[in-house]
There are 4 protein chains.
Amino acid sequence: MRNTEKHTHIMEKAEELFAAKGYDGTSIREIARAAHVNLAMVSYYFGSKEKLMEALFKERMSLMKLKIESLLKNENISPFQKVEILIDEYLTKVIDRQFFYKIMLCEMAQQKNKVILKFISDIKLNYANMIRGLVEEGQQKKVFKKDIDIMLLMNTMTGTVTQMILNKEVYREFNSLKKTSDSVYHTWLKKRLGDHIKKIFKTLLEYES
Amino acid sequence: MRNTEKHTHIMEKAEELFAAKGYDGTSIREIARAAHVNLAMVSYYFGSKEKLMEALFKERMSLMKLKIESLLKNENISPFQKVEILIDEYLTKVIDRQFFYKIMLCEMAQQKNKVILKFISDIKLNYANMIRGLVEEGQQKKVFKKDIDIMLLMNTMTGTVTQMILNKEVYREFNSLKKTSDSVYHTWLKKRLGDHIKKIFKTLLEYES
Amino acid sequence: MRNTEKHTHIMEKAEELFAAKGYDGTSIREIARAAHVNLAMVSYYFGSKEKLMEALFKERMSLMKLKIESLLKNENISPFQKVEILIDEYLTKVIDRQFFYKIMLCEMAQQKNKVILKFISDIKLNYANMIRGLVEEGQQKKVFKKDIDIMLLMNTMTGTVTQMILNKEVYREFNSLKKTSDSVYHTWLKKRLGDHIKKIFKTLLEYES
Amino acid sequence: MRNTEKHTHIMEKAEELFAAKGYDGTSIREIARAAHVNLAMVSYYFGSKEKLMEALFKERMSLMKLKIESLLKNENISPFQKVEILIDEYLTKVIDRQFFYKIMLCEMAQQKNKVILKFISDIKLNYANMIRGLVEEGQQKKVFKKDIDIMLLMNTMTGTVTQMILNKEVYREFNSLKKTSDSVYHTWLKKRLGDHIKKIFKTLLEYES
DNA sequence: CATGAATGAGCGTTCATTCAT
DNA sequence: CATGAATGAACGCTCATTCAT
C-alpha cells in the first residue's frame with residue numbers, strides 16, 4: 001500500500017466510525033484497529049485526532065462543492081432547468097457521501113471545532129452563491145418571482161435531504177424496498193427526492209403574474 | 001431544593017451540555033459542576049450517564065408530543081386550517097426546545113442507543129399519525145390531492161426547521177436582526193418559518209382538479 | 001490512613017523518586033506504585049504531576065526557611081556567634097532534607113517551572129536577608145570588615161554544602177566511615193562542614209585593622 | 001557538512017537541550033529538530049539517546065580535564081602561585097562550559113548512568129590529584145599547613161563556582177551589569193570569583209607558625 | 001440520603017528505537 | 001550512507017462508576 005493510500009484508508013475508516021459513533025465517541029485506537037494500522041500511525045500521519053477530523057473535512061469538502069459555474073453561465077438553458085440540475089447535483093453528492101454528511105450535521109449542531117465551522121460555512125456560501133446567481137438570473141428574465149428568501153429556500157432543500165438520509169431505512173421499509181439493493185434504492189430515492197424538491201422550488205420561485 | 005427539583009436541575013444542565021458538546025463530549029463531572037451538585041449525585045439519581053440521557057429523552061419526549069387529537073376531530077375546522085395549527089404547534093415545540101432538538105438530531109445520525117431510538121421513532125410515529133389522519137380527512141373531503149407521500153411531507157417540515165435552527169444565527173445576521181432580543185427574534189422566526197412551510201404544504205396537498 | 005497522611009505519603013515517595021531519577025525521569029505510575037496507591041489518586045489529590053511537584057516545594061520550602069529572626073535581634077549574642085548559629089541551622093536543614101535539596105538543585109539548573117523558581121528565589125531571599133542583617137550588624141559593631149560580597153559569601157556556604165552532599169559517600173569512604181551508621185556519619189559530617197564554613201566566614205568577615 | 005561535523009553539531013545541540021530541560025526532559029526529536037538533521041540520524045550516529053549522552057560526556061570530559069602537569073612540576077613557581085593558576089584554569093573551563101556543567105550537576109545528583117558516573121569520578125580524581133600534589137609540595141616546603149582536608153577544599157571551590165553559575169543572572173543584576181555583554185560579564189565574574197576562591201584557599205592552606 | 005474517596009479502564013499522545021529501501 | 005515509515009511501550013491524565021460512611 002502506498003503512502004497516500006494509507007492516508008486515504010485511515011480517513012475512510014475514521015469517517016465511517018465518526019458517522020456511526022460521533023467524534024468523541026470514536027477513539028484513535030478504534031480507528032487504527034479498523035484501518036489495520038498501528039495506533040501511533042494515526043498521530044504520525046495526521047498529527048492528532050482533531051487534525052485527522054479536519055483533514056477529513058478538507059478532503060470531503062472539496063468533493064462536496066458544487067462546481068457548475070460554466071453551466072450557470074450557459075445561456076441556452078432556462079433558469080428552471082438550471083435549478084433542476086443544481087438539485088440533482090446536490091442530491092448526488094449527499095447520497096454518495098452519507099457518512100460524511102452525518103458527521104457534518106453533528107458538527108453543525110455542536111459547533112465545537114472552529115476550523116470545521118469554517119469549512120461548513122464555506123460550503124454553505126458555495127451553495128448560497130449558486131442559488132443566488134440562479135435566482136437573480138430568473139428574476140431578471142421574469143420567470144422567477146421577487147422577494148425570494150434564498151436561505152429559507154436552501155434550508156428547505158438541505159433540510160429535507162438531511163431528514164430523508166437520517167430516516168432512510170424507515171422510508172425504505174415504508175416503501176417496501178427492503179429487498180432492493182442499496183444502489184438501486186439510492187437511485188430510486190434520488191429520483192423521488194429530486195422530484196419532490198423540484199416541485200417545491202417551482203412553487204416558491206415561479207413568477208406570479 | 002427538593003429532590004425532584006434537583007433531578008430537573010441536573011437534567012437541564014445535562015441537556016445544555018449534551019447539546020453543546022455532544023453526549024460523549026460531555027463528562028459527568030462537567031454536568032455535576034454545572035448543576036452545582038456532587039459528582040456522585042448524578043449516578044446516584046439516574047443510575048448512569050446513559051440512563052440520565054434516557055431520562056432526559058423520556059421527559060422531553062412527553063413534552064414534544066403533539067397533543068391535538070381533540071382538535072383533529074373537530075369538524076368545524078377545515079383540513080387546511082388544521083394543517084396550519086399542526087405546523088404552528090410543531091414550530092413552537094422545536095423553537096422552545098432547541099437544545100434538546102440538537103441532541104436528538106445527533107442521536108438520529110448515530111443511532112447508538114436503542115432506548116433513545118425507540119423514543120425518537122415513537123415521536124416520529126406520533127407526528128406521522130397526526131399528518132396521516134389529517135391527510136386522509138382532507139382527501140375524503142376532496143380538498144387534498146391523492147398520492148401524498150406523508151414521510152416526504154413530514155421530513156420537509158422537520159428538515160427545514162432543523163436547518164433553520166442550526167443556521168439560526170447566520171439567518172439572524174442575514175436579516176439584520178442581530179440587535180433584536182432572542183424572544184423577539186424567535187417569534188419573528190416562527191412566523192416566517194410557519195408561513196414558508198404552510199405555503200409548501202398547501203402546494204403539496206392542494207387538490208388539483 | 002487518614003487523608004492528609006496519604007497526601008504526605010505520596011509526597012514523600014515522590015520526593016524520593018524525583019531526587020533519584022529527576023522530575024521527568026519519574027512517572028506518575030512509579031510514584032503511585034511506590035506509595036501503594038492507585039495511579040489515579042495522584043492526579044486526584046494533587047491535580048497533576050506538575051502540581052504535585054509544586055506542592056512538594058511549597059511544603060518543603062516552609063520547612064527549609066530559616067526562622068531565627070528573634071535570635072538575630074538578640075543583643076546578648078555577638079555577630080560571629082550568630083553567624084555560627086546561622087550556619088548550623090542551615091546545615092541541619094540541608095542534611096535532614098537531602099532528597100529535596102537534590103531536586104532543588106536540578107530545578108535551579110534547568111529553570112523550567114516558574115512557580116518553583118519563585119519558591120527557590122524566595123528562599124534565597126530569606127537566606128540573603130538573614131546574612132545581610134547579620135553583616136550590617138557586624139559592620140556597625142566594627143567586628144566585620146566593609147565591602148563584603150553577601151552573595152559570594154552565601155554561595156560559598158550553599159555551594160560547599162551542595163558538593164559535600166553530592167559527594168557524601170565518596171567522602172565517607174575517604175574518611176573510612178563506611179561502617180558507621182548514617183545518623184552518626186551525618187552528625188560527624190555536619191560538625192566538620194560547620195567548622196569548615198565557619199572558618200571561611202571568619203576570614204571573609206573579620207575586621208582588619 | 002562532513003560526518004564529524006554533524007556529529008559535533010548534534011552533540012552541541014543535545015548539550016544545550018540537556019542543560020535546559022534535563023536528559024529525560026529532552027527528546028531525540030527535539031535534538032534532531034534543533035540540529036536540523038533527520039530524527040533517525042541521532043540513533044544512527046550514536047546508537048541511542050543514552051550513548052549520545054555518554055559520548056557527550058566523553059568529549060567534554062577530555063576538555064574539562066586540567067592538563068597542567070608540567071606546570072605543577074615547575075620548580076620556579078611557588079605553591080601558592082600554582083594554586084592560583086589551578087583555580088584560574090578551573091574557572092576558565094567551567095565558565096566556558098556552563099551548559100555541560102549544569103548537565104553534570106544533575107547527573108551527580110541523580111547518579112543514574114554508571115558510565116557517566118565513572119566519567120565524573122575520573123575528573124574528580126583528576127582535580128583531586130592536582131590539588132593533592134600541590135598540597136603535598138606546599139607542606140614539604142612549609143608554606144602550607146598540615147591536616148588539610150583536600151576534599152573539603154575541592155568542594156569549596158567547585159561548590160562556590162557551581163552556585164555562582166546557577167545564580168549567574170541574579171548576581172549580574174545584583175551588581176548592575178545587566179547591560180554588559182555576556183563575554184565582558186564572564187570575564188568580570190571570573191576575576192571576582194577567582195579572587196574570592198584564592199583568598200579562601202590562602203586562609204585554608206597557609207602555614208601557621 | 002448524600003458524598004468524599006477511590007478504582008480500573010481507557011483516553012490522546014509521545015517516546016526511543018528499528019528497519020526496509 | 002541516510003532516511004521516511006513504522007512500531008510497541010509508556011506517558012500524564014480523565015473517564016464512568018462504586019462504595020464505605
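Residue numbering restarts at 1 for every chain, and letters A, B, ... go by the order of the sequence lines.
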Atom-to-atom span, [atom1] of [X] to [atom2] of [N] - whole angstrom:
X	N	atom1	atom2	answer
N113(D)	dA16(E)	CG	P	15 Å
L17(A)	dC11(E)	CG	C1'	16 Å
K49(A)	dT14(F)	NZ	P	16 Å
L52(B)	dA16(F)	CG	P	11 Å
L39(A)	dA5(F)	CG	P	18 Å
I10(A)	dT7(F)	CD1	C1'	13 Å
E54(C)	dG12(F)	CD	P	15 Å
E30(C)	dG12(F)	CD	C1'	13 Å

* Working to the nearest 0.5 Å, report the span between OG1 of T8(C) and CG of L56(C). =>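 Result: 11.0 Å between the selected atoms.
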* **Salt-bridge present (D122(A), K58(A); N to O < 4.0 Å)** =>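 Looking at K58(A) together with D122(A), the answer is no, because their closest N to O distance does not fall below 4.0 Å.
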* Among Y101(D), F100(D), F57(D), Y23(D), whose ring-ring contact (aromatic ring centres under 6.0 Å, His included) with F18(D) holds? ->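 With F18(D) as partner, ring-ring contact (aromatic ring centres under 6.0 Å, His included) holds for just one option, Y23(D).
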* Side-chain donor-acceptor contact under 3.5 Å, N113(B) with E107(B) ->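 Absent: no donor and acceptor within the cut-off.
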* To do: By nearest nucleotide on DNA chain E, pick out whichever of G47(D) and N38(B) is the more 5' one.
  =>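 The residue mapped nearer the 5' terminus is N38(B).
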* Along DNA chain E (nearest heavy atom to each residue), the more 5'-positioned of M41(C) and I28(D) ->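 The residue whose closest nucleotide sits nearer the 5' end is M41(C).
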* **Per A40(D) side chain, nearest of listed nucleotides dT14(F), dA10(F), dT3(F)** =>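 Output: dT3(F).
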Do any side-chain nitrogens or oxygens of [X] fall under 4.0 Å of OP1 or OP2 in [N]?
X	N	value
Y44(D)	dT3(F)	no
K6(D)	dA2(F)	no
Y45(C)	dA6(E)	yes

* How far apart are the closest heavy atoms of K114(C) and Q111(C), and which atoms are they? ->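 Minimum heavy-atom separation between K114(C) and Q111(C): NZ-O, 3.6 Å.
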* Asked: Which heavy atom of Q110(A) sits nearest a heavy atom of A19(B), and at what distance?
  ->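 Answer, listing the atom of Q110(A) first, then A19(B): CG-O, 3.6 Å.
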* To do: State, with a plain yes or no, whether a side-chain heavy atom of I103(D) is found less than 4.5 Å away from one of M53(D).
  =>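 SC-SC contact between I103(D) and M53(D) confirmed.
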* Reckon S27(A) touches a base, only the sugar-phosphate, or nothing at all at heavy-atom distances under 4.0 Å? ->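 Since only primed, P, OP1 and OP2 atoms lie under 4.0 Å of S27(A), the category is sugar-phosphate.
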* Checking only heavy atoms, does the side chain of R29(D) share a donor-acceptor pair with the base of dA16(E) at less than 3.5 Å? ->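 Yes, a donor-acceptor pair under 3.5 Å.
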* Asked: Taking five pairs at each end of the helix from dA2(E)-dT21(F) to dT21(E)-dA2(F), what angle separates the two helix axes (nearest 10°)?
  ->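 What I find for the helix from dA2(E)-dT21(F) to dT21(E)-dA2(F) is an axis angle of 10°.
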